[in-house]
Amino acid sequence: MPAPDDVGPAGPGTLDARRATVFGRPQPVLFATAGEGEVRLRPMEARDVDAIIATCRDADTIRWTTVPDPYDRADAEDYLAYARDAWAAGTSACYAIAGADDGFAGAIDLRLSAADSLQASVGFMTAPHARGRGHMPAALSALAAWGFTTLGLARIEWRANVGNTASRRAAEKAGFRVEGTARAGLNHRGARTDAWVGALLAEDLT
């Protein structure tokens with residue numbers, strides 16, 4: 001039997017109504033502590049385009065993600081449009097991670113599942129100059145906490161190509177538990193590759 005939030009109109013007090021209120025407002029800024037400093041999760045802006053291009057042309061980004069290769073300005077502008085449209089549609093919260101100078105240090109995206117209203121998945125990439133500073137675990141922790149408390153999620157899932165140890169370290173530092181390996185679990189640039197699968201549950205934070 002479908003869950004009550006999956007049927008009928010979004011009446012007052014339902015999960016759908018709660019999320020409609022959240023996504024009907026401007027995207028909020030989130031804050032996290034990384035080491036002795038603070039990072040901000042803010043909506044991506046046009047001023048981030050050059051940094052997005054540099055990040056997506058980086059060899060490690062190309063190796064471990066499915067960003068277009070080659071990556072050009074039109075791709076970055078499409079990414080900004082996706083982030084705006086996904087927030088407006090209530091399907092995803094895509095953030096720029098900003099360091100002390102408010103410059104682009106990475107991106108992180110919380111995508112709501114269309115099949116399970118209480119589940120979401122997370123994807124992220126770190127700008128080359130910001131790697132190793134603890135920005136991503138801090139940002140991931142902050143975004144997950146926001147997803148649980150504000151969107152009412154029960155489970156946030158993380159996946160990465162087997163071998164992407166940087167992504168795994170960031171996820172584990174944020175509290176995600178690796179649950180196993182999905183054989184041929186990802187389509188990576190036309191080839192099926194094994195994927196590490198992990199998750200963080202709302203109850204893990206209590």
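One is the number of the first residue; the rest follow in order along the sequence.
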Closest contact, heavy atoms only, Phe148 versus Leu200 = CZ-O, 3.3 Å

Verdict with supporting geometry, Leu112 and Leu153, side chain to side chain contact (heavy atoms under 4.5 Å, CB included) | CA-CA 9 Å; Leu112 302 184; Leu153 293 169; 4.0 Å; yes

Is it the case that one hydrophobic cluster holds both Val122 and Val197, taking links as side-chain heavy atoms less than 4.5 Å apart, direct or via other members?
-> no

Shortest non-hydrogen contact from Ala98 to Arg42?
-> CB-NE, 3.7 Å

For the pair Asp204 (side chain) and Leu201 (backbone), establish whether a donor and an acceptor sit closer than 3.5 Å, ignoring hydrogens and angles.
-> yes

Ala120 and Leu110 have their tightest heavy-atom pair at CB-CD1, 3.8 Å

Might you point out which heavy atoms bring Arg111 and Ser92 nearest each other, and give the distance in Å?
-> CG-OG, 3.7 Å

Taking atom types as modelled and ignoring hydrogens, do the side chains of Thr61 and Tyr71 form a donor-acceptor contact shorter than 3.5 angstrom?
-> no

If you take all heavy atoms of Ala142 and Ala32, which pair is closest and at what distance?
-> CB-CB, 3.8 Å

Is there a chain of hydrophobic side chains (I, L, V, M, F, W, Y, each step under 4.5 Å between heavy atoms) that links Leu80 to Ile53?
-> yes

Anything under 30° is parallel, anything over 60° is perpendicular, the rest tilted; go ahead and classify Trp196 against Trp158.
-> parallel

Using ring-ring contact (aromatic ring centres under 6.0 Å, His included) as the criterion, list what pairs up with Trp87, not counting sequence neighbours.
-> Phe23

Start with the C-alpha distance between Val29 and Leu41, add both sets of side-chain angles, then the distance that settles side chain to side chain contact (heavy atoms under 4.5 Å, CB included), and finish with yes or no.
-> CA-CA 6 Å; Val29 175; Leu41 280 69; 5.9 Å; no

Sidechain N-carboxylate O distance under 4.0 Å for Glu38, Arg40 | no

Heavy-atom donor-acceptor pair, Glu77 side chain to Asp72 backbone, under 3.5 Å | no

Less than 4.0 Å between a side-chain N and a carboxylate O, is that true for Asp102 and Arg47?
-> yes

Check: Arg84 side chain, Pro43 main-chain N or O, donor-acceptor pair, under 3.5 Å = no

In residues 172-181, what donor-acceptor pairs under 3.5 Å come from side-chain atoms, sequence neighbours left out?
{"unit_1": "Glu172", "atom_1": "OE2", "unit_2": "Arg168", "atom_2": "NE", "d": "3.2"}
{"unit_1": "Glu179", "atom_1": "OE1", "unit_2": "Arg155", "atom_2": "NH2", "d": "2.9"}
{"unit_1": "Glu179", "atom_1": "OE2", "unit_2": "Arg155", "atom_2": "NH1", "d": "3.1"}

